[in-house]
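Structure record follows, encoded as C-alpha cells.
Order of listing sets the numbers, starting from 1, for every ligand and every atom in it. If you read the sequence from its start, that first residue is 1, and numbering goes on from there. Note: hydrogens, waters and symmetry copies are ignored here, and every other heavy atom, side chains too, is used.
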Amino acid sequence: MTIITRKDFPEYFTFGVATSSYQIEGATSADGRGPSIWDTFCREPGRISDGSSGDVACDHYHRWEEDLELISSLGVQAYRFSVAWPRVQPTGSGDINPLGLDFYERLVDGMLERGLDPYLTLYHWDLPQPLQDVGGWANRDTAYHFAEYARAVAERLGERVKSYATLNEPWCSSILSYQIGEHAPGLRNRKLALAAAHHLLLGHGEAVKVLREVVPGAAIGTVLNLNAITPATSSEQDAAAARFEDGAFNRWFLDPLLRGEYPADVWEAYGDDVPQVQPDDLETIRQPIDFLGVNYYSRSVVSADGQQQRPSDSSYTDMGWEVYPQGLSDLLLRLKADYTLPPIYITENGAAYKDTLEGSAVHDAERVAYLQTHLAEVASAVRQGVKVNGYFAWSLMDNFEWAHGYSKRFGLVYVDYGDQQRILKDSALWYRGLAGAKVPEL
Ligand SMILES: N=[N+]=NCCCCNC(=O)[C@@H]1[C@H]2[C@H](O)[C@@H](O)[C@H](O)[C@@H](CO)[C@@H]12
C-alpha cells in the first residue's frame, strides 16, 4: 500500500473534517428551531432502519466547545459544517430566529479562536417542513426562499466564514428524495424529482448572487456527490448504460453548473418528466463559482440490465459500497479533461465499518487503509495537474446516518451514544499524523 506523507501534498493543501447539522446537533426543538423534513421523515414508521432520529444525535448543539477542541486536537486546518435552515428561519421564509444565528456565530467564533477555517454549507438536507408542506424543492418558490435564507446567514457571519457552499449533494436532495424515496420527503415521482433538482440548482444560482453581494471576499461554491462509472463488460449495451448513468448521476448537475445546459441525451430520455425551465434559469445556475466540492465514496459498475455489479475481487464497506480508490483519481482526471473547472475540494471521503470499542480504543485498520489509499489517489491527481486545494474526511465523528440511523459509523472519532463520550479511533490518530504534520520546507 502506498504510504503517503504531508510532503505528497502542496503546501497550500487544506486538511479538514466534515459533519452536517441534522446528523450531529440534536436539540431539534431548542431555541426556536422549527421542524425539518427529516424530523417528519424519522417519525414515519419504517423510514429509518433502527427507528431512530436526529432528536439527540451527538448532542453537538450543547457540546460544541468540546467538539471544537476535539477537531483542533486532530491538527486539521479546517472544519466543514452545515447550518440548519430551520434554526435560522423556522418556517423557511419570513421571520429570522436570532437565537438560531447566535448558535452559529458562537460556533464560527470558536473555530476562529482555535485557528480553524470555517467551511460552511448552507443546505445539507434539513429543509424547513412548512416549505415541504407547499411542495418543497418541487416548488420553484423554494429556490427564492433559499436565497433569502442565505442572505440572513451571510449578513450575520460575514467573511469570518472563509468558504460558503450553497448545497450539499443536490442529487441526494432531489433524485434520492423525490424519486427513489430513500431520503426525506420520501416521494417516488420522477417528474417531481427533476423539478426539485432544477429548483435546487436555481436556488444555488440565486444564492450565489446574494453571497457575491453580501460576502464578496468569501469563496463561494457548491458540493456534488460524483461517482466514477464503469461498464460491467465491454459490450456496447453496457457501455451505453454506463454513459446514461454518467449523464443522469454526474452530468445532470455538472453540466448546468459548469456549462449552463442539461445533458441532451438524458433530457431526451426523460420525456414529459423534464423540468420547467425559465429563459434565464441556466444563466443564473451557471454563474462562476470559486470552488467545486466533490464528495466521492465509491464507483458504480453498470450493466444494461440495470443490476449494480459487485466485482468479487473488491472489498466493500459496511454500506455495501465497493472500495475503489482509483475511481477518485479517474473521476478527478475526467473532470479536468471534460470541464473548465474552478479549484476542487474533496469535501467528503470516508467509509463506514463495523467498529468495536476495545477499552478506550477502536482499531479501525480498514478505515485507515481506505483513507490512505484514497488520499494517495488525490496526491496522484494533483501530480497530474488537477487543482485540488483540500480534503475533508467524512466524518469527524459517528453520527446519524440518514435512513440507516446510528447503525453505520463513518467517524474518525467513535461516539458512545449512551454517554456521548468521544473516543479517537486509530484512523483519527493516523489522520492527525498526516493533517497535523509540519508543512515541509519547499
Ligand atoms: N441509493 N443510493 N445512494 C447512492 C449515493 C448515495 C451517496 N450518499 C452520500 O454521498 C452521502 C453523503 C452525505 O453528504 C453525508 O451526509 C452522508 O452521511 C454520507 C455517507 O452516506 C454521504
Do side-chain atoms of Arg47 reach the backbone of Arg43 as a donor and acceptor pair under 3.5 angstrom?
-> no
Is it true that the NZ or CZ of Arg190 lies under 6.0 Å from the centre of Tyr270's six-membered ring and within 45 degrees of the ring axis?
-> no
For the residue pair Thr14 and Gln77, confirm or rule out a side-chain donor-acceptor distance under 3.5 Å.
-> no
Has Lys387 got its NZ or CZ under 6.0 Å from the middle of the six-membered ring of Tyr12, at an angle within 45 degrees of the ring axis?
-> yes
Please confirm whether Arg310 makes a cation-pi placement over Tyr316, using NZ or CZ under 6.0 Å from the six-membered ring centre and within 45° of the ring normal.
-> yes
Is the cationic atom of Arg299 (NZ for Lys, CZ for Arg) positioned less than 6.0 Å from the six-membered ring centroid of Tyr324 and within 45 degrees of its normal?
-> yes
Within the protein, flag every N or O under 3.5 Å from an N or O of ligand 1, and note the pair and distance.
residue	atom	partner	partner atom	Å
ligand 1	1 (N)	Glu182	OE1	3.3
ligand 1	10 (O)	Glu169	OE1	3.0
ligand 1	10 (O)	Glu169	OE2	2.9
ligand 1	14 (O)	His124	NE2	3.2
ligand 1	14 (O)	Asn168	ND2	2.9
ligand 1	14 (O)	Glu348	OE1	3.0
ligand 1	14 (O)	Glu348	OE2	2.8
ligand 1	16 (O)	Gln23	OE1	2.7
ligand 1	16 (O)	His124	NE2	2.9
ligand 1	16 (O)	Trp402	NE1	2.9
ligand 1	18 (O)	Gln23	NE2	3.0
ligand 1	18 (O)	Trp394	NE1	3.2
ligand 1	18 (O)	Glu401	OE1	2.7
ligand 1	21 (O)	Glu401	OE2	2.7

